[in-house]
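Structure, as structure tokens:
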Amino acid sequence: MRLIVAISGASGAVYGIRALQALRELGIETHLVLTSAALETIRLETDYRKTGIERLATQTHRIDDITSKLASGSFHTEGMLVIPCSMKTLAGIATGYSDNLLLRAADVTLKERRRLVLVVRETPLSLIHLENMVKVTAAGAIVLPAMPAFYTRPKTVDEIVDQIVGRSLDLLGMANHISAGWKGPRKERINDRS
Ligand SMILES: Cc1cc2nc3c(=O)[nH]c(=O)nc-3n(C[C@H](O)[C@H](O)[C@H](O)COP(=O)(O)O)c2cc1C
């Protein structure tokens, strides 16, 4: 199993880092692309540095290396995860404006009819953002907003992060137990109501 993982410069770099850790634990081959804005959010939001994140991936590809194997459909992958996905990167994917390796790899993933999951993060959303989400969905991508649920009663930020990461890997067909899904109401809550 082989997956492209891209981290762009939206808030929530921790989602991308956790996804790389989880995929490593699952034994999935990962090909990482980091944008220059992602390096800023990683620095501002986490204690990680570029090399520490690169070590989590099987291979890292330079964002400006358009000669990378990720730029060709002949390099087979199970799909691509952009986590988190900025509105700028979303716009590039929606319009097919592939001027960096992340955008080209996403374009290739769509043209090859492979799974593309975009963990978008912005709030509030403008009409431009919403229209771009419609465009990529029509082209076959899955938009998974970094929008955690609270029915699992998360106790830590890690649990909240894991929920989004677990769902995104589910959508890529990567079986995982990172986060427990909804299993119906708790027994004690049913009792409380009786
Ligand atoms: C701390 C920080 C947080 C940001 N958060 C977001 C965000 O949540 N969503 C977003 O679309 N852009 C966000 N941005 C802006 C993007 O980083 C910026 O648009 C950048 O050009 C995106 O480039 P990229 O898509 O190539 O990574 C943030 C920037 C910084 C510095």
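Counting convention: from 1, in listed order, for ligands and their atoms alike. Since this is a predicted model, take the numbers as computed values, not measurements. Quick note: residue numbers are just sequence positions, from 1.
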Return a table of donor-acceptor pairs under 3.5 angstrom between the side chains of residues 13-25 and protein atoms on other chains or two or more places apart.
{"unit_1": "R18", "atom_1": "NE", "unit_2": "D162", "atom_2": "OD1", "d": "2.6"}
{"unit_1": "Q21", "atom_1": "NE2", "unit_2": "Y48", "atom_2": "OH", "d": "2.9"}
{"unit_1": "R24", "atom_1": "NH1", "unit_2": "R55", "atom_2": "O", "d": "2.9"}

If you round to the nearest 0.5 Å, how far is [atom2] of [Y] from [atom1] of [X]?
X	Y	atom1	atom2	answer
I178	I164	CD1	CD1	12.0 Å
L90	L103	CG	CG	10.0 Å
L26	L169	CG	CG	7.0 Å

Quiz item: Taking any residue with a non-hydrogen atom under 4.0 angstrom from an atom of ligand 1, which ones do you get?
Solution: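 Protein residues near ligand 1 are S8, G9, A10, S11, T35, A37, T41, L44, S86, M87, K88, T89, R121, E122.
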Quiz item: Under a single-linkage definition using a 4.5 Å side-chain heavy-atom cutoff for Ile, Leu, Val, Met, Phe, Trp and Tyr, are V165 and L118 assigned to the same hydrophobic cluster?
Solution: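 Unlinked, V165 and L118 end up in two clusters.
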Quiz prompt | Over 12 foreign heavy atoms within 6.0 Å of CD1, I128 | solution =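 No, the 6.0 Å shell around CD1 holds no more than 12 heavy atoms from other groups.
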